[in-house]
Number of protein chains: 2
Amino acid sequence: MARWEPNARGRLEEAAFELFAEHGFEQVTVAEIAGRAGLTERTFYRHFADKREVLFPDANPLVTGLAEALERAPEAPHPIATVAAVLEDAGGFFADRHAYSRRRNAVIAANAELREREAVKLALMADTLAGGLRARGVPDPAASLAAEAGIAVFKVAHARWVADPEPRDLRELMRDAMRQLKAVTAEA
Amino acid sequence: MARWEPNARGRLEEAAFELFAEHGFEQVTVAEIAGRAGLTERTFYRHFADKREVLFPDANPLVTGLAEALERAPEAPHPIATVAAVLEDAGGFFADRHAYSRRRNAVIAANAELREREAVKLALMADTLAGGLRARGVPDPAASLAAEAGIAVFKVAHARWVADPEPRDLRELMRDAMRQLKAVTAEA
DNA sequence: ACGGTTGATGGCAGGCACTGACATCAGGGT
DNA sequence: ACCCTGATGTCAGTGCCTGCCATCAACCGT
């Protein structure tokens with residue numbers, strides 16, 4: 001018999017999500033979250049660096065997934081092809097999470113601090129991408145720009161994916177966004 | 001005779017900057033900042049929404065400057081040309097601030113919370129740009145992507161500008177980044 | 001079987017960011 | 001002379017977050 005109920009971290013995530021959805025992020029205290037999960041505030045901070053982080057449990061797996069996808073990606077003559085391959089890979093991460101992503105996005109969109117944290121996660125993805133491209137020999141202004149372009153594609157496609165009540169294919173939306181980005185930058 | 005010393009806000013900015021540069025953002029309390037400026041903590045919060053905001057006094061002028069530049073921008077057949085014109089305009093904002101920007105950037109780079117806030121300011125610029133493009137009739141996925149691409153160019157160029165001890169021309173760096181972005185996305 | 005170690009948790013005290021409510025008081029207008 | 005405005009001060013309070021120590025089941029080596 002275990003000394004404690006299992007999956008404390010998961011229980012905290014779930015409790016936080018429910019309370020945020022019902023009352024809003026600011027109206028919920030960390031002590032309330034911990035209480036609903038049958039734990040104490042102190043323990044919450046052993047699992048999450050701060051109150052916001054409980055809403056971003058997937059960020060680290062996603063970033064490490066990007067890094068791995070960068071290593072798996074086939075040799076490509078042009079960095080943008082590598083970026084496209086990595087995005088294709090990342091799209092699978094969200095395959096079965098459309099409903100969950102929509103609810104989560106509603107919570108985040110309602111609060112400035114949470115939008116702030118989301119912006120950081122995107123910047124982290126961009127840095128990871130750029131670093132991986134440099135490791136593959138892409139010189140620096142190009143590597144950063146290709147990475148930023150890729151994140152722009154991801155950001156726009158993800159926003160459309162989340163805005164649509166129907167669960168479309170995120171990868172399809174990313175391919176479309178990539179085409180549109182190429183069209184936009186090719187002009188003039 | 002004035003009842004208070006003038007320019008309380010400016011004094012707070014200056015005091016905060018000096019203390020952050022010397023001791024680091026986290027090691028400085030708001031009460032210390034206010035004390036050096038000859039004011040109280042409560043008054044600090046009447047001038048700035050939070051402790052970080054004192055380091056971003058130019059963000060709002062910059063964003064409204066973007067919005068105005070969008071209205072001034074000449075009719076252009078392609079959104080990316082409008083974006084380029086707006087960036088050209090924004091470049092003037094930084095003309096005489098190279099040394100200051102470098103010191104400020106060192107403070108921000110040293111702290112995660114401040115980098116977080118900077119990411120938000122960039123996202124705000126992107127939203128402003130996208131909204132302006134939509135107001136000019138650019139349809140939506142293209143408007144968002146052109147705006148994100150523009151911010152990517154700004155971000156990369158600004159990083160290079162700040163990294164260089166010599167005060168190069170930011171606009172030149174942005175034009176170069178734009179060329180490289182076009183080259184990168186045109187490949188494949 | 002015994003004892004030491006480990007690791008997740010609880011309890012507590014405290015610092016600091018931030019906020020609301022009220023007081024103060026020079027200057028400017030009437 | 002009077003009131004009003006507006007920037008500031010004062011104070012109390014909430015909540016985020018951290019450091020430190022205690023607890024105690026499970027595990028491990030002997």
Side-chain angles (χ1 to χ4, degrees), chain A residues 1-57 59 107-108 110-118 120, chain B residues 1-20 22-57 59 107-108 110-118 120-121:
Chain A
M1 159 105 191
R3 182 171 180 186
W4 299 283
E5 294 300 312
N7 195 23
R9 187 186 174 94
R11 273 152 49 214
L12 286 168
E13 288 174 15
E14 204 171 331
F17 190 89
E18 292 167 5
L19 288 170
F20 291 164
E22 185 172 0
H23 306 290
F25 178 78
E26 293 169 3
Q27 310 308 318
V28 177
T29 69
V30 174
E32 288 168 353
I33 298 168
R36 171 179 286 221
L39 296 165
T40 64
E41 184 180 4
R42 191 67 187 83
T43 298
F44 178 97
Y45 285 106
R46 289 200 179 91
H47 288 279
F48 303 100
D50 58 51
K51 183 184 172 187
R52 301 180 228 174
E53 204 62 19
V54 71
L55 271 174
F56 297 87
V107 172
I108 292 174
N111 182 271
E113 290 179 68
L114 294 174
R115 276 181 267 123
E116 193 162 355
R117 181 56 55 88
E118 181 145 273
V120 168
Chain B
M1 159 108 191
R3 183 173 180 184
W4 298 284
E5 294 300 311
N7 193 24
R9 184 185 175 95
R11 272 153 49 216
L12 286 168
E13 287 174 16
E14 204 170 332
F17 191 88
E18 292 168 4
L19 288 170
F20 291 164
E22 185 172 1
H23 305 291
F25 178 78
E26 294 169 3
Q27 311 308 318
V28 177
T29 70
V30 173
E32 288 168 355
I33 299 168
R36 174 179 285 220
L39 297 165
T40 64
E41 186 180 3
R42 191 66 184 88
T43 298
F44 178 96
Y45 286 107
R46 290 201 177 91
H47 287 279
F48 302 99
D50 58 51
K51 184 183 171 188
R52 304 180 224 173
E53 204 62 19
V54 71
L55 272 174
F56 297 87
V107 172
I108 292 174
N111 182 270
E113 291 179 67
L114 295 174
R115 277 181 267 126
E116 194 163 353
R117 180 56 55 88
E118 182 144 273
V120 168
K121 300 301 183 186

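So that the names make sense, note that chain A is the first sequence line, chain B the second, and so on, each numbered from 1.
- If you take CZ of A:R52 and C1' of C:dA17, they are 12 Å apart, rounded to a whole angstrom.
- Under the 4.5 Å side-chain criterion, counting only non-hydrogen atoms from C-beta, A:V54 is in contact with A:F44.
- We find that CZ of B:F44 is positioned 15 Å from P of C:dC16, with the value rounded to whole Å.
- Residue whose closest nucleotide on DNA chain C sits further toward the 5' end, between A:T40 and B:V30: A:T40.
- Phosphate proximity of D:dT8 to B:H47: present, with a side-chain N or O under 4.0 Å from OP1 or OP2.
- Within 3.5 Å, a donor on the side chain of B:R42 pairs with an acceptor on the base of C:dG20, or the reverse.
- Within the 4.0 angstrom heavy-atom criterion, no nucleotide atom of any strand lies near B:A31.
- Rounding to whole angstrom units, CD of residue B:E26 and C1' of C:dG15 are separated by 14 Å.
- For B:Y45, the listed nucleotide lying nearest its side chain is C:dT19; candidates were D:dC16, C:dT19, D:dT8.
- Salt bridge status for B:E53 with B:K121: present, with a side-chain N to carboxylate O gap under 4.0 Å.
- Remark: P of C:dG11 and CD of A:E41 are 12 Å apart, rounded to the nearest angstrom.
- Under a 3.5 Å cut-off, the side chain of B:R11 and the backbone N or O of B:A34 do not form any donor-acceptor pair.
- A 4.5 Å side-chain heavy-atom check between A:R117 and A:D50 finds at least one atom pair inside the cut-off.
- For B:R9 and D:dT8, the CZ to P distance is 11 Å, given to the nearest whole Å.
- Between the CD atom of B:E113 and the C1' atom of C:dA17 there is a distance of 10 Å, rounded to whole Å.
- The CD-C1' distance, from B:E53 to C:dA17, rounds to 15 Å in whole Å.
- In the set C:dC18, C:dC16, D:dG9, the nucleotide with an atom closest to the side chain of B:T29 is C:dC16.
- Salt-bridge check for A:E14 with A:R36: failed, with every basic side-chain N at 4.0 Å or more from each acidic carboxylate O.
- Atom CD in B:E32 sits roughly 14 Å away from atom P in C:dG15 (whole-Å rounding).
- Closest to the B:R46 side chain, of the nucleotides D:dT10, C:dT19, D:dC17, is D:dT10.
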